[in-house]
Amino acid sequence: MAIVCKSQSEIEKMRRSGHIVRQVLDELKAMVAPGVSTMDLEKAADKKIKELGAKPAFKGYYDYPCVLCTSVNEEIVHGIPSPKRVLKAGDIVSIDCGVVLDGYYGDAAVTVAVGDSISPERQKLLEVTEASLYKAIEQAKVGNSISDIGGAVQEYVEANGFSVVREFVGHGIGTKLHEEPQVPNFRSNGANTRLREGMVLAIEPMVNSGRPEAKVLDDKWTAVTADGSSSAHFEHCVAVTRNGPVILTQ
Ligand code: MF3
Ligand code: CO
């Protein structure tokens, strides 16, 4: 399958699905507090997505069981919501949500602190990971390559003493949740595809406070840091346009 470039009207549709994802994430962010379970977030997301007239994108995708991925502390991505996973002060939780509206997908993630104070290391991890996403988005312009996006993430993250996960990558997005091309968060020779007008990319840095390696738990989904260090994840969908990068998930 080749890369599918989107017309202006398709990008407009993706902005609508992206906006729904953002409204869901905003509501969930406000809910995050000690004592709230990741299943509470899941239920609120399911309800909100329906209210807004969209459908969840993750549930049933490769048999994934939920609407959200909720990844706490050393969990990198694809944590499965559970009533047993009760958030406590000092935790960090990545909330990743995808929806489909009118045939077009939106996908975004944020990582949020639980309670009023988290460790300085976790605080820095959240700031650096989010900033690395914006560094990456700046590179999403015609004439650059996919590798410039990952290069921007990697450079900024490593200069700040953290590491970038290799096993999971961002992706093209459109009428499918995952389209070509893959969007790694590191510079790679295999990623020299040129960016063209109309490409839409889900850019999603996953950053570990310790070593970069990941492993997947026995539930076959939850990816955790191999060394038990903390991990953060932020994601936006971004259109490459003649006027530069346009964030669709806000
Ligand atoms: N945002 C993640 C991704 O784009 C979430 C996918 S979870 C899945 O890969 F369940 F849908 F696979
Ligand atoms: Co994604």
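Nothing fancy with the numbering, it's 1 onward along the sequence.
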Which atom of [X] lies closest to which atom of [Y], heavy atoms considered:
| X | Y | value |
| --- | --- | --- |
| P181 | L201 | CD-CD2, 3.8 Å |
| S132 | V157 | CB-CG2, 3.8 Å |
| E167 | A214 | OE2-N, 3.2 Å |
| T70 | T38 | OG1-CB, 3.4 Å |
| N208 | S229 | CB-OG, 4.1 Å |
| V67 | F58 | O-CD1, 3.5 Å |

Indicate yes or no for a side-chain donor-acceptor contact from [X] to the backbone of [Y] under 3.5 Å, with no hydrogens or angles considered.
| X | Y | answer |
| --- | --- | --- |
| K215 | E213 | no |
| R22 | T249 | yes |
| E27 | Q23 | no |
| S163 | G210 | yes |
| H19 | Q250 | yes |
| E180 | I3 | no |
| S17 | M14 | yes |
| R122 | G90 | yes |
| D91 | K88 | yes |
| D219 | W221 | yes |

ask   = For S147 and R187, what are the C-alpha separation, side-chain angles and deciding distance, and is it a side chain to side chain contact (heavy atoms under 4.5 Å, CB included)?
value = CA-CA 5 Å; S147 193; R187 205 170 274 290; 3.2 Å; yes
message = Show, in sequence, the C-alpha distance, side-chain angles and deciding distance for Y61 and H178, and conclude whether the ring pair (Phe, Tyr, Trp, His ring centres under 6.0 Å) test is met.
response = CA-CA 10 Å; Y61 190 77; H178 293 156; 5.2 Å; yes
query = Could you go step by step and tell me if E179 and V4 meet the side chain to side chain contact (heavy atoms under 4.5 Å, CB included) rule?
reply = CA-CA 8 Å; E179 296 185 356; V4 183; 4.0 Å; yes
request  = Evaluate whether atom NZ of K135 has more than 12 neighbouring non-hydrogen atoms of other residues, nucleotides or ligands under 6.0 angstrom away.
outcome  =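 No, the 6.0 Å shell around NZ holds no more than 12 heavy atoms from other groups.
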Any side-chain heavy atom of [X] within less than 4.5 Å of one from [Y]?
| X | Y | result |
| --- | --- | --- |
| L28 | L68 | yes |
| T129 | T111 | no |
| I20 | L101 | yes |
| L125 | V207 | yes |
| L41 | V36 | yes |
| L195 | N144 | yes |
| V246 | V238 | no |
| M39 | S82 | no |

ask   = Given E75 and R85, is the salt bridge (Lys or Arg N to Asp or Glu O under 4.0 Å) satisfied, shown in steps?
value = CA-CA 12 Å; E75 296 171 357; R85 190 71 198 243; 2.9 Å; yes
inquiry  = Checking side-chain contact (heavy atoms from CB on, under 4.5 Å) between V240 and each of K6, E197, R196, M199, which is the one that passes?
reply    =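 Filter result, single survivor: M199.
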key: From V169, V153, I149, residue fulfilling side-chain contact (heavy atoms from CB on, under 4.5 Å) relative to V183   =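 When side-chain contact (heavy atoms from CB on, under 4.5 Å) is applied between V183 and each of V169, V153, I149, only I149 qualifies.
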task = Identify whether I137 and L25 are in the same connected component of the hydrophobic contact network (ILVMFWY, side-chain heavy atoms under 4.5 Å).
result =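 Cluster IDs for I137 and L25 match.
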request  = Please step through side chain to side chain contact (heavy atoms under 4.5 Å, CB included) for the pair K55 and V99, ending with a clear verdict.
outcome  = CA-CA 5 Å; K55 287 208 172 76; V99 307; over 6 Å; no
Gap between atom [atom2] of [Y] and atom [atom1] of [X] - 0.5 Å precision:
| X | Y | atom1 | atom2 | result |
| --- | --- | --- | --- | --- |
| H233 | I92 | NE2 | CD1 | 12.5 Å |
| E42 | K59 | CD | NZ | 6.0 Å |
| L248 | D107 | CG | CG | 11.5 Å |
| C66 | K43 | SG | NZ | 10.5 Å |
| M206 | S71 | CE | OG | 10.0 Å |
| I146 | Q139 | CD1 | CD | 11.5 Å |

message = Under the criterion side chain to side chain contact (heavy atoms under 4.5 Å, CB included), I'd like the reasoning laid out for R242 against V142: C-alpha separation, chi angles, the key distance, then a yes or no.
response = CA-CA 7 Å; R242 69 180 70 178; V142 176; 5.7 Å; no
ask   = Aromatic ring centroids of F168 and H78 under 6.0 Å?
value =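 Distance test on ring centres: under 6.0 Å, yes.
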inquiry  = Checking E204 against H171: is there a side-chain donor and acceptor pair closer than 3.5 Å?
reply    =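 Yes, side-chain donor-acceptor contact under 3.5 Å.
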query = So does K13 pair up with D102, basic N to acidic O under 4.0 Å?
reply =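 Counted as a salt bridge, because a side-chain N and a carboxylate O are separated by less than 4.0 Å.
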ask   = Pick one: which of R16, R15, E12, E10 meets side chain to side chain donor-acceptor pair (under 3.5 Å) with Y104?
value =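 Looking at R16, R15, E12, E10, the match for Y104 under the side chain to side chain donor-acceptor pair (under 3.5 Å) is E10.
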